[in-house]
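Written out below as structure tokens is the structure these notes cover.
Computed from a predicted structure; not experimentally measured.
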Amino acid sequence: MGKERQKVGRRGEDEACLYLIGEGHTIVERNWRRGHRETDIISLKGNELHFVEVKSRTEPTVADPEVNVNRVKIRNMVSCALAFLNGSGRRQLPDDLEICLDVLTVVFHSDGEVSKMEYYPKAFIPIYD
């Protein structure tokens, strides 16, 4: 991944965290990894544990960022959620949590300001295969 793309991705995750905190979420983890898979943000709100995929782009964009959350990415999200819940991360959390797979997109103007942010809570229902 190019340095500019990494920079945009990191800024998008920063903006996403600020947004989620403003919506009452507590950030549990950022960039949680298991093997080669990664979850951008894990947050807690009430009795819901959110695994959030953040997609960031800079204008002009050819397609909306959420278009890039495909079947492979969804499987990755489910795999990461299961790994987190079956691992040491789970110990710090209550037992009766609803698991949510969310997508949050951030589009920046060329000057670096946020142009558009969209949050899709519970975007996918986990499928365990």
**Message:** Ignoring hydrogens and geometry beyond distance, is a side-chain donor-acceptor pair present between Ser115 and Glu59 at under 3.5 Å?
**Reply:**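 The criterion, which ignores hydrogens and geometry beyond distance, is satisfied for Glu59 and Ser115.
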**Item:** Asp102-Tyr120 side chain donor-acceptor pair, cut-off 3.5 Å
**Value:** no
Contact check, side chains of [X] and [Y], non-hydrogen atoms, under 4.5 Å:
X: Cys17; Y: Asp14; result: no
X: Phe124; Y: Val103; result: yes
X: Leu44; Y: Val28; result: yes
X: Arg33; Y: Arg37; result: no

**Request:** Look at the rings of His50 and Tyr119 and say which category their plane angle falls in: under 30° parallel, 30 to 60° tilted, over 60° perpendicular.
**Result:**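 Ring orientation of His50 relative to Tyr119: tilted.
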Looking at every non-hydrogen atom in both residues, tell me the closest pair between [X] and [Y] and how far apart they are.
X: Met77; Y: Leu101; result: CE-CB, 3.9 Å
X: Ser56; Y: Gly9; result: OG-O, 4.1 Å
X: His109; Y: Val114; result: CD2-O, 4.1 Å
X: Gly46; Y: Leu97; result: O-CD2, 4.4 Å

Interatomic distance, [X] atom [atom1] to [Y] atom [atom2] [nearest 0.5 angstrom]:
X: Glu53; Y: Cys80; atom1: CD; atom2: SG; value: 9.0 Å
X: Leu93; Y: Ile42; atom1: CG; atom2: CD1; value: 9.0 Å
X: Ile27; Y: Ile21; atom1: CD1; atom2: CD1; value: 5.0 Å
X: Arg57; Y: Lys116; atom1: CZ; atom2: NZ; value: 12.5 Å
X: Ser43; Y: Phe51; atom1: OG; atom2: CZ; value: 9.5 Å

**Message:** Check for me, please, whether Leu18 and Leu20 land in the same ILVMFWY cluster - side-chain distances under 4.5 Å, paths through other members count.
**Reply:**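 No, Leu18 does not connect to Leu20 through the hydrophobic network.
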**Asked** Please walk me through it: do Gln6 and Arg11 pass side chain to side chain contact (heavy atoms under 4.5 Å, CB included)?
**Response** CA-CA 9 Å; Gln6 282 180 331; Arg11 286 195 56 241; over 6 Å; no
**Request:** Applying side chain to side chain contact (heavy atoms under 4.5 Å, CB included), run through Thr105 and Met117 and close with a yes or a no.
**Result:** CA-CA 6 Å; Thr105 64; Met117 184 180 295; over 6 Å; no
**Prompt:** NZ of Lys7: more than 12 outside heavy atoms within 6.0 angstrom?
**Reply:**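 At most 12 heavy atoms, drawn from other residues, nucleotides or ligands, come within 6.0 Å of this atom.
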**Check against side chain to side chain contact (heavy atoms under 4.5 Å, CB included), Cys100 and Leu49** = CA-CA 6 Å; Cys100 305; Leu49 186 64; over 6 Å; no
**Message:** Using only atom types and a distance under 3.5 Å, with no angle test, would you say the side chain of Asn76 pairs donor to acceptor with the backbone of Val72?
**Reply:** no
**Lys122: partners by side chain to side chain donor-acceptor pair (under 3.5 Å), with sequence neighbours left out** = Glu48, Glu98
**Request:** For Arg10, check side chain to side chain donor-acceptor pair (under 3.5 Å) against everything at least two apart and list the hits.
**Result:**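 Checked Arg10 against side chain to side chain donor-acceptor pair (under 3.5 Å); matches are Asn31.
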**Item:** Partners passing ring-ring contact (aromatic ring centres under 6.0 Å, His included) against Phe108 (at least two apart in sequence or in another chain)
**Value:** none
**Request:** Carefully, step by step, assess Phe84 and Glu29 under the rule side chain to side chain contact (heavy atoms under 4.5 Å, CB included).
**Result:** CA-CA 10 Å; Phe84 182 82; Glu29 295 278 350; 3.9 Å; yes
